[in-house]
Amino acid sequence: QKEVEQNSGPLSVPEGAIASLNCTYSDRGSQSFFWYRQYSGKSPELIMSIYSNGDKEDGRFTAQLNKASQYVSLLIRDSQPSDSATYLCAVNGDSNYQLIWGAGTKLIIKP
Amino acid sequence: EAQVTQNPRYLITVTGKKLTVTCSQNMNHEYMSWYRQDPGLGLRQIYYSMNVEVTDKGDVPEGYKVSRKEKRNFPLILESPSPNQTSLYFCASSLSPGLAGGNEQYFGPGTRLTVT
């Protein structure tokens with residue numbers, strides 16, 4: 001059973017600090033990795049995708065992928081209260097037709 | 001505006017009364033999928049479709065049916081709903097999982113279903 005694991009949190013971070021979210025996955029063959037943000041009662045929103053080892057930056061967000069260690073992380077710089085949400089990690093499964101989802105990490109940014 | 005739409009957004013029904021939740025996307029995406037989300041269980045895939053007339057079961061297909069007669073629409077059918085199908089349902093679509101970057105999934109706003 002392929003798995004994606006995330007710490008459920010909540011992770012509490014002061015406003016303006018860096019929030020670091022982590023995700024590990026079990027399938028060494030996975031090629032596509034995604035971070036989604038989900039506000040309570042709302043739908044998941046894609047914020048980052050990463051396909052190769054290393055860092056990918058988009059504004060205040062940086063995704064980091066390490067395939068050898070099978071983890072992917074999301075850094076949020078200059079955290080804002082509006083970043084408070086649940087962050088879902090998703091990884092492609094046996095085929096690209098399915099994504100395997102982590103249960104999510106709840107992030108709280110304290111003003 | 002590129003989007004995935006779902007209707008209804010909220011539905012309260014009784015056990016055994018057939019219902020359909022519609023999903024439509026205007027992005028010409030090949031792939032569409034239905035998920036349910038329950039507290040503590042995360043997102044679980046119900047069914048997915050790779051293209052018109054091509055569907056397959058996800059992780060929790062029991063009690064659900066789908067069809068894909070047109071590329072833009074992917075309705076979810078509960079022929080005899082039961083209380084354990086009370087959940088938050090999401091439809092999602094992606095361009096084409098076979099292409100680089102093509103399996104980035106975009107979600108509809110969700111349908112909150114309560115079965116009494």
Side-chain angles (χ1 to χ4, degrees), chain A residues 1-10 21 23-27 29-53 56 58 61 63 65 72 74 85-106, chain B residues 2-6 9-10 23 25 27 29-51 54-61 68 74 87-113:
Chain A
Q1 178 81 0
K2 294 177 173 53
E3 293 182 342
V4 173
E5 295 191 355
Q6 298 179 253
N7 188 320
S8 62
L21 303 161
C23 169
T24 60
Y25 59 95
S26 63
D27 183 7
S30 294
Q31 297 292 323
S32 306
F33 307 86
F34 307 95
W35 282 101
Y36 285 78
R37 177 177 62 200
Q38 186 177 26
Y39 295 113
S40 180
K42 303 296 186 183
S43 58
E45 173 192 10
L46 179 66
I47 53 173
M48 291 288 285
S49 58
I50 187 166
Y51 301 95
S52 55
N53 273 331
K56 179 181 177 182
D58 184 359
F61 299 98
L65 175 61
V72 56
L74 179 70
T86 296
Y87 289 80
L88 304 174
C89 174
V91 176
N92 74 286
D94 284 333
S95 75
N96 277 332
Y97 291 109
Q98 288 186 287
L99 295 182
I100 304 169
W101 294 84
T105 298
K106 184 172 183 178
Chain B
Q3 60 184 352
V4 180
T5 57
Q6 293 179 230
R9 295 289 312 280
Y10 302 90
C23 173
Q25 50 91 7
M27 297 171 279
H29 283 176
E30 287 187 359
Y31 178 92
M32 298 185 75
S33 178
W34 276 103
Y35 294 93
R36 62 179 288 174
Q37 188 174 40
D38 303 288
L41 295 178
L43 279 169
R44 294 183 291 168
Q45 191 176 47
I46 303 170
Y47 270 95
Y48 62 97
S49 169
M50 292 79 80
N51 214 322
V54 183
T55 63
D56 206 351
K57 297 177 180 178
D59 299 316
V60 288
R68 187 95 179 270
F74 189 44
S87 187
L88 180 58
Y89 290 86
F90 291 107
C91 180
S93 72
S94 66
L95 179 60
S96 176
L99 300 177
N103 58 350
E104 296 175 354
Q105 294 189 15
Y106 297 90
F107 284 76
T111 296
R112 189 167 292 281
L113 172 66

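The model shown is predicted, which means the values in this text are computed figures rather than measured ones. Here is the naming used below: chain letters follow the sequence lines, and residue numbers restart at 1 for every chain.
When the ring-ring contact (aromatic ring centres under 6.0 Å, His included) test is applied to B:Tyr89, the partners found at least two apart in sequence or on another chain are B:Tyr64. For the ring-ring contact (aromatic ring centres under 6.0 Å, His included) test, residues two or more places apart in sequence or in another chain that qualify with A:Trp101 are A:Tyr36, B:Tyr35, B:Phe107.
Heavy atoms of B:Gln45 lying under 4.5 Å from chain A belong exclusively to its side chain. With a threshold of 4.5 angstrom between heavy atoms, A:Leu88 approaches chain B through side-chain atoms but not through N, CA, C or O. Contacts between A:Glu45 and chain B at a heavy-atom distance below 4.5 Å are absent for every atom of the residue.
B:Phe90 and A:Lys42 make their closest contact through CZ-O, 3.5 Å (heavy atoms, listed as atom of the first residue, atom of the second, distance). In terms of heavy atoms, A:Leu46 sits closest to B:Gln105 at CB-O, 4.4 Å.
Between chain B and the residues A:Ser49, A:Pro44, A:Ala103, the largest count of heavy-atom pairs under 4.5 Å involves A:Pro44. The residue among B:Pro109, B:Gly110, B:Ser94 with the most heavy atom pairs within less than 4.5 Å of chain A is B:Pro109.
The main-chain N or O of B:Gly108 is found under 3.5 Å from a side-chain atom of A:Ser43 such that the two form a donor-acceptor pair.
To the nearest 0.5 Å, the span separating CD on B:Gln37 from OG1 on A:Thr86 amounts to 8.5 Å.
The number of heavy-atom neighbours closer than 6.0 Å to NZ of A:Lys106, taken from other residues, nucleotides and ligands shown, is 12 or below.
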